[in-house]
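Report on the following structure.
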Amino acid sequence: MIVAYFELIVILIHCLLLSLLYSGILLLVVLLIAKITRLSFISGITTRKLYFWCFCIPILFVTLILYRFSYERDNGLGETVMIPVGYEQHVFCSDGEMVYFYPDPDAYDPEDFDIGKFTVSQNKLCAEVIRDYSNSPDYDFVVYDLEEKTSTPLSTIKDYTQYAQVNNLPLPEDFNDFSYHYKKFTTKPKWKVWLLP
């Protein structure tokens with residue numbers, strides 16, 4: 001929990017610094033436009049530069065925070081991380097070991113899937129089901145349709161392979177673990193690391 005708070009503080013500081021930087025750049029652009037043109041709106045801003053700069057900071061700060069925690073960018077905080085898989089759904093990982101998927105993202109569902117390797121193809125989450133717990137299901141694979149919110153349990157690897165071939169889905173050897181998907185999701189160009197939250 002402390003790690004999550006620390007990470008949240010770092011994100012807030014990063015967004016604040018970016019909003020200071022971007023509001024300064026925006027002010028410079030407005031001043032440049034004011035030199036080139038004679039628009040009355042722009043010249044009004046140039047007489048109140050500090051006010052304009054201070055006005056932009058909270059707007060940009062809130063915008064950057066909303067962007068950072070949007071569905072496409074949110075990867076969790078602290079020891080529980082997640083990656084989006086489509087249709088407002090996520091695959092979660094706790095403590096770097098337990099990987100799970102909730103069919104209903106808005107509420108705890110006793111039918112959550114503890115999964116191993118997985119992949120997403122054609123808006124379907126195809127996954128190995130981990131059966132290490134007492135309430136584990138009695139099947140080894142699941143295909144969850146993210147759009148329709150329905151699941152198809154498959155008892156064995158043979159059943160899954162037949163189902164995958166008929167429905168043009170990836171085979172189990174094409175599945176990857178959570179760390180592979182997380183690294184792929186979080187890897188971005190160096191400029192994005194510094195210029196976006």
Side-chain angles (χ1 to χ4, degrees), residues 1-15 18 63-133 135-137 139-154 160 163-164 167-197:
M1 193 66 152
I2 293 174
V3 174
Y5 288 130
F6 178 74
E7 190 174 346
L8 179 61
I9 290 168
V10 169
I11 289 169
L12 292 174
I13 291 170
H14 187 208
C15 288
L18 287 175
T63 303
L64 290 169
I65 291 292
L66 292 175
Y67 171 72
R68 169 59 179 85
F69 290 104
S70 66
Y71 171 73
E72 292 82 14
R73 287 282 304 129
D74 190 12
N75 61 346
L77 290 173
E79 296 169 350
T80 300
V81 294
M82 60 186 174
I83 54 173
V85 290
Y87 294 93
E88 303 296 318
Q89 303 266 352
H90 291 89
V91 171
F92 299 87
C93 181
S94 289
D95 301 327
E97 293 181 16
M98 194 168 121
V99 179
Y100 51 97
F101 171 76
Y102 292 114
D104 183 0
D106 297 326
Y108 174 77
D109 189 346
E111 293 192 21
D112 69 318
F113 305 114
D114 295 319
I115 60 177
K117 293 182 176 183
F118 67 95
T119 193
V120 177
S121 176
Q122 302 174 23
N123 297 324
K124 291 178 175 59
L125 173 71
C126 306
E128 297 174 335
V129 176
I130 303 296
R131 300 194 312 174
D132 291 343
Y133 310 103
N135 62 344
S136 297
Y139 47 87
D140 290 333
F141 290 87
V142 66
V143 176
Y144 185 82
D145 189 320
L146 297 164
E147 185 176 9
E148 302 293 326
K149 301 199 182 324
T150 58
S151 63
T152 305
L154 300 153
Y160 175 80
Y163 183 86
N167 293 289
N168 198 24
L169 293 171
L171 297 175
E173 50 269 10
D174 298 324
F175 292 4
N176 291 296
D177 61 1
F178 184 85
S179 62
Y180 170 85
H181 292 287
Y182 186 75
K183 184 176 181 181
K184 187 176 170 186
F185 174 69
T186 57
T187 301
K188 50 189 173 182
K190 294 290 183 199
W191 67 270
K192 279 190 176 183
V193 171
W194 294 105
L195 299 179
L196 291 173

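- A donor-acceptor pair is defined here as one N or O able to donate and one able to accept, closer than 3.5 Å; such a pair exists between the side chain of Tyr71 and the backbone of Gln89.
- Annotation for Phe185 and Met82: closest pair CE2-O, 4.4 Å, computed over non-hydrogen atoms.
- Around atom NZ of Lys184, no more than 12 heavy atoms belonging to other residues, nucleotides or ligands sit under 6.0 Å away.
- Looking at every heavy atom in both residues, Gly116 comes nearest to Ile130 through N-CG1, 3.5 Å.
- Residues meeting the side chain to side chain donor-acceptor pair (under 3.5 Å) test with Tyr180, sequence neighbours left out: none.
- Residues Gln122 and Asn168 form a side-chain contact, since some pair of their non-hydrogen atoms from C-beta on lies under 4.5 Å apart.
- In this structure, Lys117 does not pair ionically with Asp177, as no charged nitrogen and carboxylate oxygen lie closer than 4.0 Å.
- Here the side chains of Leu154 and Val142 are not in contact, with every heavy-atom distance at 4.5 Å or above.
- The NZ atom of Lys188 sits 3.5 Å away from atom CZ of Arg73, with the distance rounded to the nearest 0.5 Å.
- Side-chain contact between Ser151 and Asp145: absent, with no pair of heavy atoms (C-beta onward) separated by less than 4.5 Å.
- Between Ile115 and Phe178, the closest side-chain pair of non-hydrogen atoms is not below 4.5 Å.
- The closest side-chain heavy-atom distance from Val91 to Leu125 is below 4.5 Å.
- Pro197 and Cys15 get closest at one heavy-atom pair: CB-SG, 3.5 Å.
- Side-chain contact between Asp140 and Val129 is absent, with no heavy atoms from C-beta onward closer than 4.5 Å.
- In this structure the side chain of Leu146 reaches within 4.5 angstrom of the side chain of Val120, judged on heavy atoms.
- Counting all heavy atoms, side chain and backbone alike, Val85 lies closest to His90 at CG2-N, 4.2 Å.
- Contact of the Ile65 side chain with the Leu12 side chain is registered, since non-hydrogen atoms from C-beta on lie closer than 4.5 Å.
- Across all non-hydrogen atoms, the minimal contact from Asp74 to Phe69 is OD1-CD2, 3.8 Å.
- Using cut-offs of 30° and 60° for the angle between ring planes, the Phe175 and Tyr160 rings count as perpendicular.
- A distance below 6.0 Å separates the ring centres of Phe101 and Tyr144.
- Annotation: Tyr100 is in aromatic contact with Phe92 [ring centroid separation under 6.0 Å].
- Ser121 meets the side chain to side chain donor-acceptor pair (under 3.5 Å) test with no other residue; sequence neighbours excluded.
- For the atom pair OG1 (Thr152) and CG (Leu169), the distance works out to 9.5 Å, reported to the nearest 0.5 Å.
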Candidate pair Asn176 and Phe118, rule side-chain contact (heavy atoms from CB on, under 4.5 Å), full reasoning | CA-CA 6 Å; Asn176 291 296; Phe118 67 95; over 6 Å; no

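- For the side chain to side chain donor-acceptor pair (under 3.5 Å) test, residues two or more places apart in sequence or in another chain that qualify with Asn75 are Arg68, Tyr182.
- Proximity of the aromatic rings of Phe141 and Tyr163 is defined here by a centroid distance below 6.0 angstrom, and this criterion is not met.
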